[in-house]
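So that the names make sense, note that chain A is the first sequence line, chain B the second, and so on, each numbered from 1. Values in this document were obtained by computation on a predicted structure and should not be read as measured data.
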Amino acid sequence: MNDSARTDFIRECRPERLIPLEQDPGQTAIGPLPQPRSRFMYKLNPPALLFETSRAGRRTEILPPSDVPSRPLDELVPAGHLAAGPPPLPELGELDVVRHYVNLSTLNMSIDSNFYPLGSCTMKYNPKRNERIAAMPGIAGLHPYQEESTLQGMLRLLFEMQEYLAEIAGLHAVSLQPAAGAQGELTALFTAAAYFRSKGERERRTKVLIPDSAHGTNPASAHLAGFETVTIKSDARGLVDYADLVNKLGDDTAVFMITNPNTVGLFDPQIGAIAQELHDRGALLYLDGANMNAILGVVRPGDMGVDLMHYNPHKTFSGPHGGGGPGAGPIAVRDFLAPFLPSPLVGKRPDGTFFLDHDRPQSIGRVRAFFGNVGVLVRAYAYIRSQGPDGLKAIARNAVLNANYLMTKVKDKYPVPHGERCMHEFVASARTLARDRGIRAMDIGKRLIDYGFHAPTVYFPLIVSEALMIEPTESESRETLDAFAHALLAIADEPEDLLHKAPISTPINRADEVKAAKQPVLKWRPA
Amino acid sequence: MAYVLHTDDDVRAMLDTVGIHSIDELFEVIPPEFRLNRPLQVPEALGELALTSHLAGLAERNQGVDSRPCFLGAGCYDHFIPAVVDQLSMRGEFYTAYTPYQPEASQGTLQAVFEYQTLIAQLTEMDVSNASLYDGGSAVAEAVLMAMTVGDRHGRVVMAGTVHPEHRQIVKTYLANLSPEIVTVPAKDGRVRASDLAQALNDETACAVLQYPNVFGELEEVEDLVKAAHDRGALAVVSVDPISLGLLRRPGSYGADIVVAEGQPLGNYLAYGGPYLGIMACREKFVRKMPGRLVGQTTDHNGKRCWVLTLQTREQHIRREKATSNICTNQGLLALRASIYLAVMGPSGLRQAAELSTRKAHYAAERLASVPGLSLAFEGPFFKEFVVRSAQDPRMVLAEVGRLGFHGGIALAELGLGPEDGILVAVTEKRTRAEIDSLVEAYRQALMKHQ
């Protein structure tokens, strides 16, 4: 884009009705209004693709020449196994690569740079100290098949992590193996299936009951584990419709999967009675632990009657979200389910040494190679050790305080259909704005980006129309929450056409997602 | 308390705004009988200095690949990681962003994933790659589930006995509650014969799962095996070592339908087994059955090229129980590292890593085979990993080699594989001739000691 085109473009992005950049509304009851951005925050154009930057013959010297006796390659590997040439990867110098990725990174919003109230994802601060710890050679440089005697520090850490997670859950045994929350759900359901099989009940217990407010991973996991899913309605309060649950509960029920606090940010106080109903029928109560941040040290799932659960340590106990992962999905279970957990677990011998316990004949086997997402678990361990018992409880208390504070500030313009108060997050609805002025939840989310905030989760949970699911986490200061609240309120009064066009400050405008799905272009092709 | 910014004044003001007197009121909804009335029994909080010292103390009780030359493999390897991989992947804007649900605020991640998909397609010579799965092992299981859907065949899954045993266990766990039976084709001389594979296949077989190079490091006659699968209408799922693709034939060239790989060797730390990177690529016609996220190219409303998450109707957050998979969080950061690795290595660098690994592995194999009491187990061609048979108990020998300062190999019995006397040795480009010679000497001493 040349200079005049750029000027035109910026002018187009600055309709007169926008709040001028120079205007400072000053201190008000709800704090200063953050300035929406009406010009590009970043570089005007994203960098070219790696493949477009490639120049034949350009390279980075990294590896040394061979120091073993030279022999023709096809004496080592028969020619029939060799490719005609190396793969057609791009050819780049080191500076090409550095500049490419540095410039690319600036096109992202992230926790390190922006408030990121993405509901259900617990986007809390990712402590830098944990990163340096996870990178220590005695941690990052361990091969999973090393001899046990060379791993005693790591095995101790993982053993203690099993104990911490059992204690925080109020349950008895923990498998650290699952690689993400969704895989934790799946592993827990495999565990439940193996338990019922051991009792000769697997054939008849074919159903997993799931609230309509649940994460999509719940029904997907249940289906993968070979169960039929039955949806349980939410009642007018946004909680499990108890009558519907009791009605659908039967001798064919294997598991009820509850998220508590649930996805509308409410604690379901019926959980004790629900557990009782399930247990009376010989079924199990599973807890989706995505929202553990709200209850750390306040209430333990096991104490409420939960039989098995997964954690999302990368959320609850912090970790690099990395543009989509990695996560981890450890599961905690009651004692009678422990024999069925994946193998291996970490054990401790009477002499104080630690070992991998593979001798578990009733185990479901494995869901992942090697031990698990250890790097994620190390960070979570460091986080738990940083917090201690008081700190963990303070996390829950401050996360819940932040969510209630924010909800109080915005609920007049963004009604919250369920609950006077909330736990760690709340789900507001843009339905009146949608009905009266055609402003959708998506428009609001997109416009928030112009104010320097990542959008909340939108259109989830499905039981709230025009849902804006907002989870501030305990990390954020009052000033940030004030600024965000002010922006949300200001947006409700902004012109419709601006909101439909937003964001206007970003490297791209709204993307044509229909086109992307209709004619998928999933890789670069040479022109 | 670490990482909470509120002062006492802040908390008071916030409580006032909410209209309550204490934070406790916010938890009154929780029935009192369930509330925990004691502190959690976890150790007291540590500040950064004490925490760092504590973890450094634990780390010191491990001897990793930085303190002993590593000849361990079986799916994850001590390859060299260029400095730029760490420096760039740790940019906070990549590191602390999440799944790119908002394309306007996530073009950095989205473009990086689109490039990753392209790099993996180039590496494997396949049409399409997804944005990543958890690890190589669960990627095999996802590929099997995908193959069942693609071919609508649910009767049988055939697995080569030369596939990593943990990967086979994962498939078994994933299929335990579904219909297919699993038939495993035993290895003969470290490889699977196409005729044996053909016998195991039937008309209800969804796929044959192969590994190339296989768990013993051996190079299967992979084209014949793929053809055997296709002859019975089954898909060929092939698990590969991504470094090997700098040198060996690419799966697209021998007809693989779904390619999976453990992506750890591409710039990711060993980290005691994870987080790693599940690579998956397939033919274009199967893309709508593929698990995991996909990034596609499109334009914004001004016609500018950009990227978005696409074909999301396959995914759990839209399709719930009808989704192609339950995966949500993936391995984005590891995929980014793999991309940076491939970008900085380039075709010549990757070729060099592969060639150095294979040259050094062959040198090591030849030298080890000359040690009295050791012999090569198999006669077939191998890439960077091979099996030696030991006249003495492999565990004793390896323990002694360990005392002499090496991660010298893996007893096959530890993996649940035979031969009982086998030791699996892997050699990467990082190992020097001097280290290999010293390893050979260590084995010589170990075998003499236990004679």
Next on the checklist: With a 4.5 angstrom heavy-atom cut-off, is it the side chain or the backbone of A/Met123 that approaches chain B, or both, or neither?
Outcome noted: side chain

Next on the checklist: Could you walk me through whether B/Tyr3 and A/Gln387 satisfy the side chain to side chain contact (heavy atoms under 4.5 Å, CB included) test, starting with their C-alpha distance in whole Å, then the side-chain angles of each, then the deciding distance to 0.1 Å, before giving a yes or no?
Outcome noted: CA-CA 9 Å; B/Tyr3 321 127; A/Gln387 300 292 356; 3.4 Å; yes

Checklist entry - Below 6.0 angstrom between ring centroids: does that apply to A/Phe267 and B/Phe27? => result no

Checklist entry - Relative to chain B, which segment of A/Phe51 carries a heavy atom at a distance below 4.5 Å: side chain, backbone, both, or neither? => result side chain

Checklist entry - Relative to chain B, which segment of A/Leu266 carries a heavy atom at a distance below 4.5 Å: side chain, backbone, both, or neither? => result neither

Item to check | Among the listed options A/Ile271, A/Val97, A/Val77, A/Val298, the residue most often paired with chain B at heavy-atom distances under 4.5 Å | outcome: A/Val298

Checklist entry - Which region of B/Leu88, side chain (C-beta onward) or backbone (N, CA, C, O), has a non-hydrogen atom less than 4.5 Å from a non-hydrogen atom of chain A, or is it both or neither? => result side chain

Next on the checklist: Is it the case that the ring center of A/Phe370 lies less than 6.0 angstrom away from the ring center of B/Tyr272?
Outcome noted: no

Next on the checklist: Can you confirm whether A/Pro520 sits close enough to B/Leu311 that some side-chain heavy atom of one is under 4.5 Å from a side-chain heavy atom of the other?
Outcome noted: yes

Checklist entry - Quick one: what part of A/Glu185 sits under 4.5 Å from any heavy atom of chain B, side chain, backbone, both or neither? => result neither

Item to check | Under 4.5 Å from a heavy atom of chain A, the part of B/Arg293 involved | outcome: neither

Item to check | OG1-CG distance between B/Thr109 and A/Asn108, expressed to the nearest 0.5 angstrom | outcome: 3.5 Å

Next on the checklist: Does any backbone or side-chain atom of A/His314 lie under 4.5 Å from a heavy atom of chain B? Answer side chain, backbone, both or neither.
Outcome noted: side chain

Checklist entry - Is it true that the side chains of B/His54 and A/Arg385 contain a donor and an acceptor less than 3.5 Å apart? => result yes

Item to check | Interchain contact, B/Cys76 with chain A, by part (heavy-atom threshold 4.5 Å) | outcome: both

Item to check | Engaged part of B/Asp10 at the chain A interface, taking heavy atoms whose separation is under 4.5 Å | outcome: both

Checklist entry - Which answer fits B/Phe94, side chain, backbone, both or neither, if we ask what part of it has an atom under 4.5 Å from a heavy atom of chain A? => result both

Item to check | Pair B/Ser129-A/Lys523, side-chain donor/acceptor within less than 3.5 Å | outcome: no

Checklist entry - Which region of B/Leu356, side chain (C-beta onward) or backbone (N, CA, C, O), has a non-hydrogen atom less than 4.5 Å from a non-hydrogen atom of chain A, or is it both or neither? => result side chain

Next on the checklist: Is A/Arg59 in contact with chain B via its backbone, its side chain, both, or neither, using a 4.5 Å heavy-atom distance?
Outcome noted: side chain

Checklist entry - Checking A/Tyr101 against chain B: side chain, backbone, both or neither under 4.5 Å from a heavy atom? => result both

Checklist entry - A/Asn126 versus chain B, heavy atoms under 4.5 Å apart: side chain, backbone, both or neither? => result side chain

Checklist outcome for this item: In this structure, CE of B/Met345 is separated from CD of A/Glu91 (nearest 0.5 Å) by 13.5 Å

Checklist entry - Should A/Asp112 and B/Arg91 count as an ion pair when the cut-off is N to O under 4.0 Å? => result no

Next on the checklist: Given heavy-atom pairs under 4.5 angstrom as the criterion, report whether the side chain, backbone, both or neither of B/Leu350 touches chain A.
Outcome noted: side chain

Item to check | Part of B/Glu414 lying under 4.5 Å from any heavy atom of chain A | outcome: neither

Checklist entry - Of the backbone (N, CA, C, O) and the side chain (C-beta and beyond), which part of A/Ala222 lies under 4.5 Å from a heavy atom of chain B, both, or neither? => result neither

Checklist entry - Given a strict heavy-atom distance threshold of 4.5 Å, which part of A/Arg421 is in contact with chain B: side chain, backbone, both, or neither? => result side chain

Checklist entry - Under a 4.5 Å heavy-atom cut-off, does chain A meet the side chain of B/Phe383, its backbone, both or neither? => result neither

Item to check | chain B contact via A/Tyr405 - side chain, backbone, both or neither, heavy atoms under 4.5 Å | outcome: both

Checklist entry - Does the salt bridge (charged side-chain N to carboxylate O under 4.0 Å, His left out) test come out yes or no for A/Asp67 and B/Lys360, once each step is laid out? => result CA-CA 8 Å; A/Asp67 58 356; B/Lys360 291 173 187 231; 3.1 Å; yes

Item to check | Portion of A/His454 that has a non-hydrogen atom of chain B nearer than 4.5 angstrom | outcome: side chain

Item to check | Carboxylate-amine/guanidinium contact B/Glu48 A/Arg132, below 4.0 Å | outcome: yes

Checklist entry - Heavy-atom distance under 4.5 Å to chain A: side chain of B/Ile410, backbone, both or neither? => result side chain

Checklist entry - Where does B/Ala343 contact chain A at under 4.5 Å (heavy atoms): side chain, backbone, both or neither? => result both

Checklist entry - In terms of heavy-atom proximity below 4.5 Å to chain B, should A/Asn402 be classed as side chain, backbone, both, or neither? => result both

Next on the checklist: Using heavy-atom distances under 4.5 Å, tell me whether A/Leu392 contacts chain B through its side chain, its backbone, both, or neither.
Outcome noted: side chain

Next on the checklist: Taking side chain as everything from C-beta outward and backbone as N, CA, C, O, which of these in B/Ser253 sits under 4.5 Å from a heavy atom of chain A? Side chain, backbone, both or neither.
Outcome noted: neither

Item to check | Residue B/Val308 versus chain A: region with a heavy atom under 4.5 Å | outcome: side chain

